[in-house]
Amino acid sequence: MSLINENFLELQESYLFSTIAKKVAKFTEENPNKKIIKLGIGDVTRPIVPACLEAMHKAVEEIGTKEGFKGYGPEQGYEFLRKAIVENDYKSKNINIDMDEVFVSDGAKCDCGNIGDIFAQNNTVAITDPVYPVYLDTNIMSGRKIIYLPVTQENNFIPELPKEKVDMIYLCFPNNPTGTVLTKQELKKWVDYAKKNKSVILYDSAYEAFITKKDIPHSIYEIEGANEVAIEFKSYSKTAGFTGIRCAYVVIPKALKGYTKEGKEISLNQLWNRRTCTKFNGSSYIVQRAAEATYSKEGKKQINENINYYLENAKIIKQGLEQAGFNCYGGVNSPYIWLKVPEAMTSWEFFDELLQKANVVGTPGSGFGKYGEGYFRLTAFGTRENTIEAIERIKNTYNVT
Ligand SMILES: *Cc1c(COP(=O)(O)O)cnc(C)c1O
């Protein structure tokens, strides 16, 4: 009899995006002449930049030749990419990361989920609420005890240190869904906590490229001592529009240790390397050449233009919502705007009202966790034209001109 992992039965069904789709379909059927604008999408929309396309074309041609053919690559990623990562994402910021501390993968979602393989089931895990669901659901699947850290306007979306001791801490900044960031000083508190408690911080910085303000760390390793307590996840998805191409990486410093029950120190880098070599055969050569091209002079410039385009959309949304009288957060170092829905309304009631009256679609905050109730997420990933029109409609709906 094949017994199942019963932890899966503890997972909450997620009806968020299917419910949104159903509501939108119903509205469209009843109102065929109304044009809906979707500001709910968490996916990039601008095409892959020429520098990455060229690199991929070149790689495709290369593997069609006898000399250039590539079979299985290194499980940890090709050296050319790991070198580019170390130099551009770390050395240039005075952070020392070695090439063998970088593992290239096919996505930060997988990395954030798979990392649980190297940790014990009886670790206690701290996770913010609201949250990107991957951390939560993968830890439920593993049966770990979860402590929720509420992030609301009351604490300015800065999670407070847990009262009870936790072993693993997921942090994501700039944050999805709230669009908020931590300063170096705030992040340092977590690094100090992790040091004191021998915990590990799993730091998701998928939105790092959107940081514009000074004093907001681009990497957790900007905090002294973080290389002894933190794993960092990075992705080309939101930076360079690779959500479909698939490429990311994880950094596990050699100074970072986990512990056996007897308290013996074990290198997490070694465990992850072993896990990677056992279960993964690397991201494709073509894709890694595309990722490398994000660091070329042209690549950086072109990608920067896309990021600025999204950031300008974010600014338009934030300013418009504020003029319409909403309290809103994020939207500065992030493509996400998190707004407080009007008093006495739930996230879903606001969703319905916005759809009916402004024909604009967003994402109800309650879909990201209990403490997301009363909030609503809009994203800057739409076109400029649609973004402006959506905000005009919202302003008109809430009687501002
Ligand atoms: C989009 C996103 C990622 C990126 O995931 P990929 O698998 O690399 O596409 C990671 N973390 C968060 C919070 C995200 O929103």
Side-chain angles (χ1 to χ4, degrees), residues 14 16-17 39-46 48 52 77 81 85 89 102-116 125-139 149 151 157 159 169-182 201-211 217-220 230-251 276 280 282-284 287-288 290-291 294 303 306-307 310-311 314 329-331 333-338 362-363 365 367-369 372 377-382:
S14 174
L16 179 62
F17 290 101
L39 293 187
I41 35 170
D43 196 350
V44 289
T45 51
R46 301 194 41 93
I48 300 301
C52 295
L81 179 55
I85 290 168
D89 289 346
V102 177
F103 298 84
V104 176
S105 77
D106 57 357
K109 181 179 185 177
C110 333
D111 287 337
C112 289
N114 290 333
I115 198 74
V125 186
I127 295 178
T128 60
D129 180 354
V131 76
Y132 177 62
V134 179
Y135 325 136
L136 180 62
D137 285 354
T138 54
N139 278 290
L149 310 170
V151 280
F157 304 94
I169 301 150
Y170 285 83
L171 295 177
C172 172
F173 290 100
N175 188 260
N176 176 12
T178 70
T180 54
V181 289
L182 289 190
I201 298 173
L202 303 148
Y203 194 73
D204 183 347
S205 74
Y207 295 94
E208 175 271 329
F210 291 84
I211 295 172
H218 287 254
S219 161
I220 193 168
I231 292 176
E232 181 158 276
F233 301 94
K234 290 276 304 266
S235 170
Y236 298 94
S237 282
K238 314 300 159 44
T239 308
F242 275 37
T243 49
I245 294 181
R246 312 301 305 142
C247 198
Y249 66 85
V250 48
V251 176
T276 300
F280 189 55
S283 181
S284 91
V287 163
Q288 292 189 58
T294 65
I303 285 165
N306 278 351
I307 300 277
Y310 295 134
L311 283 173
Y329 306 90
N333 301 288
S334 163
Y336 296 120
I337 294 89
W338 189 243
T363 314
F368 299 99
R377 192 188 76 173
L378 294 177
T379 84
F381 290 129

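Just so you know, these numbers come straight off a predicted model, no measurement behind them. Just so you know, ligand 1 is whichever comes first in the structure, and atom 1 is the first atom listed for that ligand.
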May I ask you to check whether T243 has an N/O atom sitting below 3.5 Å from an N/O atom of ligand 1? no
Just need the protein heavy atom nearest to atom 15 (O) of ligand 1, so name the residue and atom and give the distance. Y207 OH, 2.6 Å
Where does A108 meet ligand 1, judged by heavy-atom distances below 4.0 Å: at the side chain, the backbone, both, or neither? both
Atom 9 (O) of ligand 1: the protein heavy-atom neighbour that sits closest, reported with distance to 0.1 Å: S237 OG, 2.5 Å
Identity and separation of the nearest protein heavy atom to atom 11 (N) of ligand 1: D204 OD2, 2.6 Å
In terms of relative ring orientation, are F17 and F368 parallel, tilted or perpendicular, with 30° and 60° separating the classes? perpendicular
Output the list of atoms in ligand 1 that are nearer than 4.0 Å to some heavy atom of C172, sorted by atom number. 13 (C)
Heavy atoms, side chains only, cut-off 4.5 Å: are Y207 and S334 in contact? no
Using a 3.5 Å distance criterion without hydrogens, assess whether the side chain of T379 forms a donor-acceptor pair with backbone atoms of I41. yes
Min N/O separation D106 to ligand 1 under 3.5 Å: no
Any donor-acceptor pair under 3.5 Å from T363 side chain to G40 backbone: yes
Donor-acceptor contact below 3.5 Å, side chain E232 vs main chain I220: yes
Mind checking whether Y170 has a heavy atom under 4.0 Å from ligand 1? no
I need the nearest protein heavy-atom contact for atom 3 (C) of ligand 1: residue, atom name and distance, please. K238 NZ, 3.5 Å
Give the numbers and elements of all ligand 1 atoms closer than 4.0 Å to a heavy atom of G107. 7 (O), 8 (O)
Considering only the protein, which heavy-atom contact is closest to atom 7 (O) of ligand 1, and what is its distance? R246 NH2, 2.7 Å
What class does the angle between the rings of Y336 and F381 fall in, given that below 30° is parallel, 30 to 60° is tilted and above 60° is perpendicular? perpendicular
Looking only at N/O atoms, are Y135 and ligand 1 under 3.5 Å apart anywhere? no
To check your reading of the model: name the closest protein heavy atom to atom 5 (O) of ligand 1, its residue, and the distance in Å. K109 N, 3.5 Å
Under 3.5 Å: donor-acceptor pair, side chain of N175, backbone of C172: yes
Under 3.5 Å, side chain of Q288 to main-chain N/O of S283, donor-acceptor pair present? yes
Residue pair T239 / A209: nearest heavy atoms and the distance that separates them: CG2-CB, 3.7 Å
Do the side chains of I245 and Y236 get nearer than 4.5 Å, heavy atoms only? no
So which bit of F233 gets within less than 4.0 Å of ligand 1, heavy atoms only: side chain, backbone, both or neither? neither
Could you say whether the N/O atoms of Y336 and ligand 1 ever approach to under 3.5 Å? no
